[in-house]
Every structure is written in C-alpha cells, then in structure tokens.
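Below is one structure, written out as structure tokens; comments come after it.
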2 protein chains.
Amino acid sequence: MDGMSGRSGWTGRLGIAAGRSAPGAGGYRARMPAASSPSRRPHSGNRRDESARLAVLHAADDLLVEHGFGSLTVEAIARRAGVAKQTIYRWWPSKVEILLDTLIEDSDKRIPVPAEKPTAANIRRYLRGFARFVTRDPAGKVLLALIAEAQHDADTATSFHKRYLGPRRAREREMLTRAIEAGEVAPRLGADATMDALVGPIVYCALTGSSLPRGLVDTLVDDLLRPATD
Amino acid sequence: MDGMSGRSGWTGRLGIAAGRSAPGAGGYRARMPAASSPSRRPHSGNRRDESARLAVLHAADDLLVEHGFGSLTVEAIARRAGVAKQTIYRWWPSKVEILLDTLIEDSDKRIPVPAEKPTAANIRRYLRGFARFVTRDPAGKVLLALIAEAQHDADTATSFHKRYLGPRRAREREMLTRAIEAGEVAPRLGADATMDALVGPIVYCALTGSSLPRGLVDTLVDDLLRPATD
DNA sequence: GCATTGTCCAGACACTACGTCTCGTCTAAG
DNA sequence: CTTAGACGAGACGTAGTGTCTGGACAATGC
C-alpha cells in the first residue's frame with residue numbers, strides 16, 4: 001500500500017525497527033548473500049528465538065496499521081512474520097496480547113508520564129504528546145484498537161486494564177496529585193476524574209476520526225486545571 | 001442498499017420489550033393456545049414480515065447485552081429470532097446495520113437532543129441523560145459496541161458516522177449554537193469542540209468501564225460552558 | 001562428545017461462522 | 001386462480017480458529 005510497511009519516520013519498535021523486513025518478503029529470515037552475514041543463524045536452539053518474537057510483534061503492528069484490526073488474523077501475522085502459527089500460540093494466548101506487548105513498549109517510549117517536576121507546563125506537554133500519539137502516530141492505532149476490542153471481549157478488557165490502563169493511570173494520578181500538592185494546579189475534581197476529563201475528549205476525537213479541534217488541549221488544561229499561576 | 005432496513009413503525013425496545021420472547025424460547029413465533037390468538041399469522045405473504053423484522057432487532061439487541069459483540073453472530077441472531085439466515089441477509093447487509101437500526105431508534109427516544117429552549121439547564125439535563133444512557137442503559141451498550149466496531153472496520157465507521165454520529169452532532173451543534181446566541185452559555189471553544197470536550201469524558205469513562213466520577217458532568221458544564229448566569 | 005531438551009517450521013485437523021445459493025411452502029395482491 | 005415475493009430450511013465453498021502431530025535443529029548438561 002505504501003511501499004515500505006508504512007511509518008516513514010516511525011522508529012517503530014524503537015531500536016528494533018531498523019532491521020525490519022519488507023512487507024512482501026518471506027519473513028524475517030531474509031536470505032542474505034551468505035557471505036556478507038555468516039552470523040545469521042536460522043535457529044537459536046534451546047532458547048526462545050528473539051528474532052521470531054520481534055518479527056511477530058512487527059508483523060502484527062504493520063498489519064494492524066495497514067489493514068485494520070478487522071482483518072488482523074493470527075494466520076496473517078504468521079505469514080507476514082515468516083513464522084509458524086504454533087510459534088505464535090506458544091508465546092501469546094491471543095492476538096490482543098501481541099498488540100498489548102507492542103503498545104506497552106511504544107507508549108512507554110513515546111509518551112512517558114512525567115515523573116519529575118510536576119509542573120503545569122509538564123502536564124500540558126504530556127497531554128499534547130498524548131494527543132499527537134493517539135491521532136497521528138501509527139502506534140496510536142494500536143491503543144484505539146485495544147480500547148475498541150475491550151468493548152467486544154471481556155478477556156481483552158481485563159488484560160487491557162491490568163497491563164496498560166491501570167499502571168498508566170496510576171502514574172498519571174501520581175503526576176497530578178503531586179502537581180496539586182505543589183500548588184501548580186487546582187482542579188475542582190479529583191485526580192482521576194480530572195484525568196478522565198482531560199484525556200476523554202482527546203480519545204473521543206480520535207475514536208470518531210475527527211481531527212483534534214485547534215486549542216482543545218490548551219483550553220481543557222486552562223479550564224479544568226485552573227492553574228494557580230496561569 | 002438499505003432499501004427498507006430502516007423501520008418506520010418500530011416503537012423501539014421500549015413498548016415492545018414487554019412482550020419480548022424468553023431467551024431460551026424458540027423464536028418470535030411463540031406457540032400459543034391457537035384459540036386465544038387466531039390473528040397470529042405465520043406468514044405475512046407478499047410483503048415484508050414485520051414480526052420477523054422486530055424479532056431480529058430484539059434478538060440482536062438481547063444477544064449483544066447478554067454475551068457481548070464478540071460472540072454476536074448472524075447465525076446466533078437468526079437462531080434466537082427464530083428466523084432463517086437468508087431473511088436477515090435479505091434486509092440487512094451486516095449485523096452492524098441491525099445494531100444501527102436499534103440504536104437510532106432507541107437514542108431518539110431515550111436521549112433526544114433538546115430542540116427548543118436552548119438554555120444552560122437543558123444542556124446540562126441532556127448531558128446527564130446521555131451519561132446515564134451510555135453507562136447504565138442496556139441500549140447504551142449498542143452505542144459503545146458501534147464506536148468500537150468502527151475502529152475495526154471502515155464500512156462500519158462510514159455508516160456509523162453517516163447514520164448516527166453526523167445527524168446527532170448536527171442537532172447538538174444547533175442546540176449549542178442557539179444557546180450561545182441567546183447568551184445562555186459562552187464557551188471558549190467552538191460548538192463542535194465544546195461538544196467533544198463535554199461528551200468525550202463521558203464516553204471515555206463508559207469505554208473504560210469506570211463509573212462516572214461524581215460531579216463530572218456538572219463540573220464539565222460549569223467549567224467549559226462558562227454560563228453567563230452561573 | 002553425545003544424549004537430552006525445548007524451540008522452531010510445516011502442515012493436518014475438527015470446528016465455527018461467513019455469505020451465497022437453491023428448494024419448497026405460503027400468502028396477499030392482481 | 002395465478003403469480004410474485006417473502007419466508008424457513010439447509011447445503012455449499014471459503015476462511016480463520018486453536019490444537020496437535022512430525023521432523024529438523026541448536027544450546028545445555030552430564
């Protein structure tokens with residue numbers, strides 16, 4: 001569709017993306033001139049094959065971005081990754097867990113929750129980054145897809161909360177609470193409710209496919225956080 | 001293509017729910033003493049069978065609430081409704097359109113957008129009703145499921161916007177715009193962005209399964225609408 | 001060094017739902 | 001009475017599910 005498995009500037013699964021295989025190719029184990037890369041081993045023996053793991057993660061991610069969750073199947077992931085279906089089922093109970101693995105990794109790197117200096121400016125910056133992640137970043141599609149799938153399947157909802165939403169919200173709560181204690185902000189609602197009020201509109205816009213209205217994030221921050229200094 | 005998939009006389013889940021068939025029962029054509037109800041006709045002949053249409057709508061709705069969208073299949077709907085699969089495919093292109101039919105009907109009845117008296121109080125009342133609908137009403141599950149499915153499937157997204165989100169947002173925009181012109185409210189954002197900011201948190205909480213924080217809706221209204229009179 | 005252990009690929013398997021199709025039945029319209 | 005169209009029933013090929021072989025392979029441990 002777009003040639004190179006999408007995401008141009010996308011460093012993808014981060015350090016790993018560089019060695020990504022092309023979409024059409026026969027999997028991660030690209031044949032090489034043999035002479036140039038003798039270090040390429042077909043098997044990793046007794047232990048889990050790291051390159052296979054990465055190939056699955058990347059394949060799932062790419063396929064989701066390219067064709068959507070609806071046509072994302074384990075068989076397609078296996079084909080794309082050049083991996084046996086059994087290899088996937090050995091390590092992941094479902095495709096949702098695969099996506100969860102990539103999402104956790106990606107969002108920890110792209111939109112970390114500020115842990116120091118709980119200033120109003122940092123919160124604003126965090127929300128802008130989050131908005132960008134969820135509306136423009138291909139990796140944001142994974143988040144939207146998982147929010148969606150959590151509506152359809154109870155197991156997904158459980159896992160999604162336990163592995164992603166819960167931990168992240170805990171960090172957000174801590175950030176906000178410390179900012180309140182520091183007198184940086186003074187929301188009328190509690191920390192959780194305030195986060196819902198801030199994040200909700202961003203996610204809602206992303207879910208409905210409408211582009212984020214200009215100034216939405218800033219107005220949200222200004223009106224709901226009522227910063228003492230602003 | 002929807003030909004006739006919309007229902008004109010459909011009184012919705014409301015009036016009909018009473019006479020609903022039991023879950024385990026063998027479909028809409030409940031056997032009756034025969035003598036008591038001679039008006040029950042097995043076929044409606046040349047024309048579309050209204051009772052079959054309603055049975056499908058109810059079956060889809062019930063199954064969604066009971067087992068979730070994930071295990072909602074056309075075959076299950078047909079079984080539950082006591083209807084042939086082909087009868088469903090004759091009138092609806094997909095299960096999504098069935099749900100869309102029920103959602104449009106239900107939300108028009110339960111949470112109509114106030115068309116008169118664009119007061120701040122009416123807007124607040126509308127949002128409270130919407131929040132209740134989406135968090136407590138079984139019919140609200142249909143809305144959440146369709147928002148979710150729109151992430152997975154492009155056709156669903158298109159149809160969902162065209163048939164539900166678009167028209168409703170138009171009415172909401174009109175409500176807000178008139179309230180602004182009347183000096184009832186004075187949001188810092190435009191009408192659409194303001195609606196996103198108000199509705200977003202409610203939907204987000206519903207999607208994440210967290211109960212609506214106390215006072216969220218009121219605080220949203222107070223802080224974002226900045227009513228001239230409040 | 002050699003058997004053990006566990007991963008990997010390949011593909012078969014029964015199962016389920018899909019959406020299409022054909023059949024025969026039935027009823028209201030003409 | 002004829003006929004058109006909806007309906008129930010169910011067969012059909014396709015596709016993905018998750019499980020379960022088999023055989024090849026490499027790291028580990030004795």
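In what follows, every chain begins at residue 1, and chains take the letters A, B, ... in the order their sequences are listed. All figures in this text were calculated on a predicted structure; none of them were measured in a lab.
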Output the single nucleotide from [options] whose closest atom is nearest the side chain of [X].
{"X": "A:T73", "options": "D:dT17, D:dG8, C:dC8", "value": "D:dT17"}
{"X": "A:E75", "options": "D:dA9, C:dC9, D:dT17", "value": "D:dT17"}
{"X": "B:V74", "options": "C:dG19, D:dG18, D:dA9", "value": "C:dG19"}

Charged N to carboxylate O under 4.0 angstrom, [X] versus [Y]?
{"X": "A:R173", "Y": "A:D192", "value": "yes"}
{"X": "B:R169", "Y": "B:E172", "value": "yes"}
{"X": "B:D61", "Y": "B:K141", "value": "no"}

Contacts satisfying ring pair (Phe, Tyr, Trp, His ring centres under 6.0 Å) that involve residues 130-161 of chain B (not counting sequence neighbours) are A:F69-B:H152, A:H152-B:H152, B:F160-B:Y164
Rounded off to whole Å, could you give me the [atom1]-to-[atom2] distance for the [X] and [N] pair?
{"X": "B:R53", "N": "D:dC7", "atom1": "CZ", "atom2": "P", "value": "11 Å"}
{"X": "B:I77", "N": "C:dA17", "atom1": "CD1", "atom2": "C1'", "value": "12 Å"}
{"X": "B:I88", "N": "C:dA17", "atom1": "CD1", "atom2": "C1'", "value": "13 Å"}
{"X": "A:D49", "N": "C:dT5", "atom1": "CG", "atom2": "P", "value": "22 Å"}
{"X": "A:H67", "N": "D:dG16", "atom1": "NE2", "atom2": "C1'", "value": "16 Å"}
{"X": "B:Y89", "N": "D:dC12", "atom1": "OH", "atom2": "P", "value": "18 Å"}
{"X": "A:I98", "N": "D:dT17", "atom1": "CD1", "atom2": "P", "value": "10 Å"}

Is it true that a side-chain atom of [X] and a backbone atom of [Y] form a donor plus acceptor pair closer than 3.5 Å?
{"X": "A:T194", "Y": "A:L189", "value": "yes"}
{"X": "B:T208", "Y": "B:C205", "value": "yes"}
{"X": "B:R48", "Y": "B:R53", "value": "no"}

For [N], take OP1 and OP2 only and decide whether either is under 4.0 Å from a side-chain N or O of [X].
{"X": "A:T87", "N": "C:dC9", "answer": "yes"}
{"X": "A:W91", "N": "C:dT7", "answer": "no"}
{"X": "A:R90", "N": "C:dT7", "answer": "no"}

Counting neighbours of CD on B:E116 that are heavy atoms of other residues, nucleotides or ligands and sit closer than 6.0 Å, is the number greater than 12? no
Item to complete: Could you tell me whether A:W92 contacts a base, only the sugar-phosphate backbone, or nothing, with contacts defined as non-hydrogen atoms closer than 4.0 Å?
Response: nothing
cation_pi(A:R47, A:W91) dist<6.0 Å, angle<=45 = no
Strictly under 3.5 Å: I want the nitrogen or oxygen pairs between protein and nucleotides 21-24 of chain C, one per line.
| residue | atom | partner | partner atom | Å |
| --- | --- | --- | --- | --- |
| C:dC21 | N4 | B:Q86 | OE1 | 2.8 |

Between the protein and nucleotides 28-30 of chain D, list the N/O to N/O atom pairs that are separated by less than 3.5 angstrom.
none

